[in-house]
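Structure first, then comments.
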Amino acid sequence: MEYNFREVEKKWQEHWAKNKTYKTENSSSKPKYYVLDMFPYPSGAGLHVGHPLGYIASDIFARYKRLKGFNVLHPMGYDSFGLPAEQYAIQTGQHPEITTKTNIARYREQLDKIGFSFDWDREVRTSDPSYYKWTQWIFIQLFNCWYNKKTNKAEKIETLVKTFETTGFKGTEDDILTGDLEVYHDGFTAEEWSGFSEATKEQVLQQFRLAYLSDTMVNWCPQLGTVLANEEVKDGVSERGGYPVERKLMKQWSLRITAYADRLLNDLEGIDWTESIKEAQRNWIGKSVGTSIRFSLTPGPSPKERDNTPGYQTANKAIWERLKSNSRENRKNQTEAEELLWEQVRDRKLGYKIRRQHAVDQFIADFICLEQKLIIEVDGEIHNYQQEYDEGRTYLLEEIGYRVIRFTNNSVKENINWVCDEIAKALQSPLSFGEGAGGEAFVEVFTTRPDTVFGVSFVTLAPEHELVAKITTDAQRKAVEEYVTFAKNRSERERMADVKKITGVFTGAYVAHPFTGKKVPVWIGDYVLAGYGTGAVMAVPAHDSRDFAFAKHFGLDITQVILPPSPLEKGPGDEAYEAKEGKLVNSDFLDGLEVKAAIKKAIAVIEEKGLGKGKTNFRLRDAIFGRQRYWGEPIPVYYKDGIPHVLSESELPLVLPEVDKYLPTETGEPPLARAKDWKYKGEYEYEYSTMPGWAGSSWYFLRYMDAHNDKEFASKEAVNYWQNVDLYMGGAEHATGHLLYVRFWTKFLYDLGLIPVIEPAKKLINQGMIQGRSNFVYRLGFVGHIENDGKDNKIFESLPSLFVSKKYFDNQTEYNTEIFARHSKILKENNIASLPPIRYHVIIPLHVDVNMVENDVLNIEAFKNWREEYKNAEFLLEDGKYICGSEVEKMSKSKWNVVSPDSMVEQYGADCLRLYEMFLGPLELSKPWNTNGITGVSNFMRKLWRLYHTTDWNNTPLLWRGARGEAISNEPATKAELKTLHKTIKKITEDIDRFSFNTSVSNFMICVNELTEQKCNKREILEPLAIIIAPYAPHIAEELWSKLGHRESITYAVFPECKEEYLVESSFNYPVSFNGKTRFFQEYDRSLSKEEIEKEIMTLEQTQKYLEGKTPKKVIVVPNKIVNIVI
RNA sequence: GCCCUCGUGCUGAAACUGGCAGACAGGCUAGACUCAGGAUCUAGUGUCGUAAGACGUGGGGGUUCGAAUCCCCCCGAGGGCACCA
C-alpha cells in the first residue's frame, strides 16, 4: 500500500481539530514553554511558500517540546489593522473589516493545511474591540505616566504633580526631566504651580507624559494621507507603497520611547537574539557619550575690520540725501513725548547708546539702539490711521534684523517709568546680539571628542539653528539667507542622496575658543543636523572626516592635535585621522595624553570651568503614535476646552465608528471626523487620528496568555505562569520597528508592576526570506524606421506582439537580422504596406507568471490565454522552445513569482512541504525558492512508509497485514538497529536544540536508509522512530503510530532518550596521517593508551612506507580521534 | 563611510567544540526494468591525471603536529545605519 498523503493528512487534521489536541491550559505540573511566531498581517495575497518557513520551524520546536514533557503555549492570531485593507477600502468602498475577515479566513485555511499545532482557542485579532480595548487601556496607562529619571522607571503622573506641588520645577537642568525632551520650558516654584490654570498645568504635564500631544516635525506622506514613524520611512519614501515623504510640523500624539533608550540598549545584553538584530537596534538607538561645550559669542570684529561702511550708516544709500534732510527736520520737530523719552535714554542711561531720528534702510526710526538692533517707536494719534503702513514698516525692519517696539504718546507721558523699564528689558533680552553680541551669549555644541577641542578651527551650525538669524552680520546676511532658504527647500531625500555635495556659508560671526580665547569663525552647513545634539558642532577637520571635507572645500584651517601611534600612509593634509588612538599635541593641558585619557581629562576640565557638561545623546526619537487613517485603534482621548482627556477604563473600548468614506474630510481632517454624532458624552470631540499598525502588535504576546479575559489585558496568574516568550520566530524586517516597540511596552508594563518580565522574548531566531524566482518574456517593444513620424508607431502597436526567446535578448546585435526578418514577416502577414527598413529596436523584458513556465520553458498556449492582448502573439523560438529569462527577487504578486504553499501541499502533501522547507538549508539563510530537491524528500516519505509496511524487501510492497500492526515484529532489535536508532535520536536532539532543522531531515534520511538496509521491522525501533519524526512530519507519524496500535495521539508521547551504551564501540578506526595528510586507517581498542597506540603504529608496515626511512620528529595521538606523525 | 552576516562541488548544503572536506539530497552520466515516464532499481560523479599521485573550502599571509573552522590584510555578496558630531 503506497502512502496516500491526501487521505492521511485530511484525516488527522480533522482529528486534531475535533479533539482540540493542541489546547493548552494555564496551569500544569509540567514546566512551561512559550513558542511564538511573528504576528501575520492577513494580506489579500494569502500565504506564499516563504511565510510558513518560520511557522514550520517553530511548530517543530513546539511539538518537540511537548514530546519532551513541556506545557507548550503555541498560539496564532492576526495583526489585522493596517494600511493595505484600508487602501483597498478606499478603492472599492468595501469596509476594511469585510476584506480583513475574508483574508483571515483564507490564511486560516492555508495554515490548517500545513498541519500546525496552534491552540486556536487563543486566537486574537488586533482589530477586534475585545482586543483593542486593552490596547487603548495600555495607551491610557502611558498617558497617565511619566518617566522618573531618579527611580529610572515609569510612575503615575500623580507623583510628578506632587513634586510640583511641593518643590516646583527648576527648568531644563532639573533631573526630573526625561531624557530627550524636545521642548524646553522654564522652571516654576510650587506656589506658581498651584496658581497655574488647568490648561497651563496640562501643558506642562504634556512635557512629561509617556503618551503626549505636541507639535513635532513628522514624516508626512501626502499620497497615503498620513504621518509615518521613522522606521516606516526608507530612503525618503514610505516603506509601504514607496511614496515620497516630507517633513512637516504637526500636532501629534507621540510615545516617549526615548525615556527607555538606555534600558532598551542595555537589556540587549541579556537576551539571546541574533547579533544582526541586536546590532540594528543598537544602531537605531544610537547612543553617544560626550560632552557639551559652550563657545561664547565674541564681540564681532570692529566695524573697520569687517566692512568699510561704519556701523551707524544703516540707511539705504540710494535715498540717503532725502532721508538726511527728513531726519534733521524731524529732530527739530520732536513731539512732547519724544522729548520726554529722549531725556530718559540719552547718554547711555539705560546702558546702551541710543540715537534718535536715525535713518535705517528706507525709514527713519524714532529711537534706535544699533548695538542691540532695537528700534523704539513713539506713535501719536495719527498711528491709528496708518496702522497698516506701520505694520509693513515693522515687517521690513524685522526682515533686516531689527526688533521694533512701540509706545503711544500717552503711555510715555503718563507712565514714563514703565516705558523705560520695557525698553531696558528689551535691551537686556538675549534675543538679539548679532554683531555686538557678547557676554552671556554662546553657541553650545555637542561632541564625543572633547579631547580634540584644541583642534577646533570653526564651529558649524545647522541651517535651522535658532542663532543663525541673530548672529549673522549684515555683510553676510544675504548669503546666509539664500543658503538657509536653499537648505530648507532641499528635501530630506535630496539631502540624503547628495551626501557628497558640500554646501555651507560663513555667518560673519565669531565665537571665542573656550580655552585659548582665539577667534573661531561660525559657519552654517547642512551636514549638521538640527535635530541631533545641539544642532551645532565644533569642527575639528584634522580628526573628523566631515569637518575635514568642509574645511578643504572652503579653505579653512586644519590643526592637527593627535599624533597617530604609527605614521600614516597618507599625510595629515589628505584625510582626517579619526581613530581614537595616539597622543595629543598642540593641546595645552592635554599634551602627551593618550586619546582615551584626554577625553576624560577634557570633560573634567570643561565641567570644572563650567564650560559644559558631560552628556549622552541618543539618535532614537520619540515614536509618533497618530495616523490620519481609519482602519486602526481609535485613540481613547477627547478634548475639553482644547485639553486632551483620556477615557476611563469603564468607557472602553472606544469602538471604531462607521464612516461614509474612508477618506479625509474636505477640510483635511482624518476619516474619523466623518463619523456622525461621534462625540464624547455627545459634547466633546474625540481624537480623530488612530493608532499606528504597531500598537496592537506591541503586546500581543501577553494577550495569548489569557486571550478571553474581559477584566484585564491578562490575569496576574497567566502572566506569572507564562512569563515571557521562550522562543520567538520572526523576520529580520521588524528589527527596528515592532521588536523595539514590543520591548518598550514590556518594560513599561513591568514598571507598573503588571508583568514580571522586562523583555518579551528570551530567544529570537529570524528565519531567512524565501525569495522568488521570477521569469521574463521579451517583447519587441519599439521598432524605429527611417522615417519615424509616429504614424509608424501606430502601425506597430496595431500588430500582434512579438516575443523573442532569451538568446535574442541576450545577444541582440548578433540576431538583429533574424528579429527584423520576423518583424517584416508579421508586417506582410498583416497586410501592412511596406514600411521603410528598420533601423533600431527595443526589447522589453516583462514578468510572466512562473506557473506558466517550467524549467524556464514557456507554456506558450497558457501564455496566449493569460491575457486578451497576447491571444495572437507571435514567438521567435530557439530550438523549438521559448526560453524565459529569470532573476531572483522578492516574492510578490506584482512580480508574478509567487508560489503558494497550497499547490505544494496539493502535489506532495503537507509533511513533505514541511520537511522540504526545512531541508532547503539553514533557517536563517535567505534563499530563492526552487523545488529541485523536493522529489528527494518525497521519496524519503515513501521509504519511511514502506519501512513500516513491508517485510518483503524484493521491491514488491506487501499490504499492511491488519490494523493492529502484526507486520511489526516484537522481537528484540539487533545491535546494529539499536545503534542506528540511538545515533539518530542523539543527532536529532542536538539538531533541534540548536535549530539546525536541515541536518535533522538529512539524519532521518540516513536513519531510514540504514534501517531499510537492515530490513528492520522491530517495534522496539519503529515506535521511537515515529515519535522523533512526529514534530517534523506529524500526519504520517500519527498514522503510523495509530497503526502500531496506539489510541492516543502521538503529540503527547514521550520523546525517547538516547542510550549511549548502544553507541559505544569497543574499537576506533584511527585515521593515520603524516604531516596532517591522512594516509591509511588502523583500528585499535578504545581502551588503548596513547603510548600503546604510538608503539603499535610504529610497527606497522604502512607506517614504515610513509616514513621513507626517516625517524618521526613527533607522534601525536589523540585518543579516539586521530594519529598524526610529523616527519 | 561605519557596523553586522556570509563566501565550501554543477545546485541546496554538511562538517557543532581546530582532527578523514563535500554527509544527505537534487542534477548529470551509464546501465537495468518498462507500452510509456517527470515511476522504480543499480553504479559512478570535487578538479587535474590512463594511473600512481598531486591539488583543492573567495585571494594572500600567519598561529598550530594539524585550519573550511582561530588571527591579520585584501576581494566579493547580502543586510542594517548613514553627514548622528
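We name chains A, B, ... by the order of the sequence lines, and we start the count at 1 in each one.
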Item checked: Nearest-Å distance once atom C1' is located in both B/rG19 and B/rU11 -> 29 Å
Item checked: P spacing across the pair B/rA52 / B/rC70, given as an integer number of angstrom -> 34 Å
Notebook entry, point to check: Excluding sequence neighbours, so at least two apart, what forms side-chain hydrogen bond (donor to acceptor under 3.5 Å, both in side chains) with A/Asp262?
Noted result: A/Lys287
Notebook entry, point to check: What dot-bracket string describes RNA chain B from 5' to 3', counting Watson-Crick and G-U wobble pairs whose defining distances are under 3.5 Å, with [ ] for crossing pairs and | for pairs to another strand?
Noted result: (((((((..(((......[....)))((((((.......))))))(((....)))..(((((..]....))))))))))))....
Check: Just checking, is any N or O donor in the side chain of A/Ser996 or A/Thr999 under 3.5 Å from an acceptor N or O on the other one?
Finding: yes
Next item on the list: Take atom P in B/rG31 and the same atom in B/rG60, then report the distance between them in whole Å.
Entry: 41 Å
Note to self: What is the distance, to the nearest angstrom, from the CZ atom on A/Arg1079 to the C1' atom on B/rC65?
What the structure shows: 15 Å
Notebook entry, point to check: What distance, rounded to whole Å, do you find between the two P atoms, one in B/rG80 and one in B/rA68?
Noted result: 33 Å
Next item on the list: Using modelled atom types only, decide if a donor and an acceptor are shared between the side chain of A/His513 and the backbone of A/Val453 within a distance under 3.5 Å.
Entry: yes
Next item on the list: Would you verify whether the NZ or CZ of A/Arg1079 falls within 45 degrees of the ring axis of A/Phe1074 while also being under 6.0 Å from that six-membered ring's centre?
Entry: no
Checklist line | Exam field: side chain A/Ser292 to backbone A/Phe446, donor-acceptor pair closer than 3.5 Å | finding: no
Check: Expressed as a whole number of Å, how far does the P atom of B/rU5 sit from that of B/rU42?
Finding: 44 Å
Note to self: Is A/Arg942 close enough to B/rA39 that one of its side-chain N or O atoms is under 4.0 Å from OP1 or OP2 there?
What the structure shows: no
Note to self: Using O4'-C1'-N9-C4 for purines and O4'-C1'-N1-C2 for pyrimidines, with syn meaning within 90° of 0, is B/rG53 syn or anti?
What the structure shows: anti
Item checked: Nearest-angstrom distance from the residue atom CD1 of A/Ile285 to P of B/rA82 -> 13 Å
Next item on the list: Heavy atoms under 4.0 Å is the rule here; annotate nucleotides 13-25 of chain B 5' to 3' with B where the base is hit, S where only the sugar-phosphate is, and - elsewhere.
Entry: SSSB--BB--BBS
Note to self: Between A/Ser288 and A/Tyr532, is the side chain to side chain donor-acceptor pair (under 3.5 Å) condition met? List the steps.
What the structure shows: CA-CA 11 Å; A/Ser288 46; A/Tyr532 186 77; 2.5 Å; yes
Notebook entry, point to check: A/Met538 CE to B/rC83 P: how many Å, rounded?
Noted result: 21 Å
Notebook entry, point to check: Can you tell me how far C1' in B/rC3 sits from the matching atom in B/rU47, rounded to whole Å?
Noted result: 38 Å
Notebook entry, point to check: What interatomic distance, in whole Å, is found between C1' of B/rC55 and the corresponding atom of B/rU8?
Noted result: 15 Å
Check: Which whole-number value in Å describes the distance from A/Asn283 CG to B/rC4 P?
Finding: 9 Å
Checklist line | Nearest-angstrom distance from the residue atom CG of A/Leu740 to P of B/rC81 | finding: 12 Å
Item checked: Between B/rA85 (P) and A/Asp544 (CG): distance, integer Å -> 9 Å
Check: Given the P atoms of B/rA43 and B/rG76, what is the spacing between them in whole Å?
Finding: 45 Å
Note to self: By the salt bridge (charged side-chain N to carboxylate O under 4.0 Å, His left out) test, which pairs, at least two apart or in different chains, include something from residues 913-940 of chain A?
What the structure shows: A/Asp59-A/Arg914
Notebook entry, point to check: For A/Arg546 and B/rC84, what is the distance between atoms CZ and P respectively, to the nearest whole Å?
Noted result: 4 Å
Notebook entry, point to check: Want to settle it: does A/Gln907 or A/Arg619 sit nearer the 5' end of RNA chain B, counting the closest nucleotide to each?
Noted result: A/Gln907
Next item on the list: Using modelled atom types only, decide if a donor and an acceptor are shared between the side chain of A/Tyr483 and the backbone of A/Thr503 within a distance under 3.5 Å.
Entry: yes
Notebook entry, point to check: On RNA chain B, nearest-nucleotide positions of A/Gln281 versus A/Phe446: which is more 5'?
Noted result: A/Gln281
Residues 1115-1127 of chain A side chain polar contacts: donor-acceptor under 3.5 Å, at least two apart:
{"residue": "A/Asn1124", "atom": "OD1", "partner": "A/Ser1073", "partner atom": "OG", "Å": "3.1"}
{"residue": "A/Asn1124", "atom": "OD1", "partner": "A/Gly1076", "partner atom": "N", "Å": "3.0"}

Note to self: According to ring pair (Phe, Tyr, Trp, His ring centres under 6.0 Å), who are the partners of A/Trp929, at least two apart in sequence or on a separate chain?
What the structure shows: A/Tyr916
Next item on the list: Quickly work out the A/Arg449 CZ to B/rC84 P distance and round it to whole Å.
Entry: 14 Å
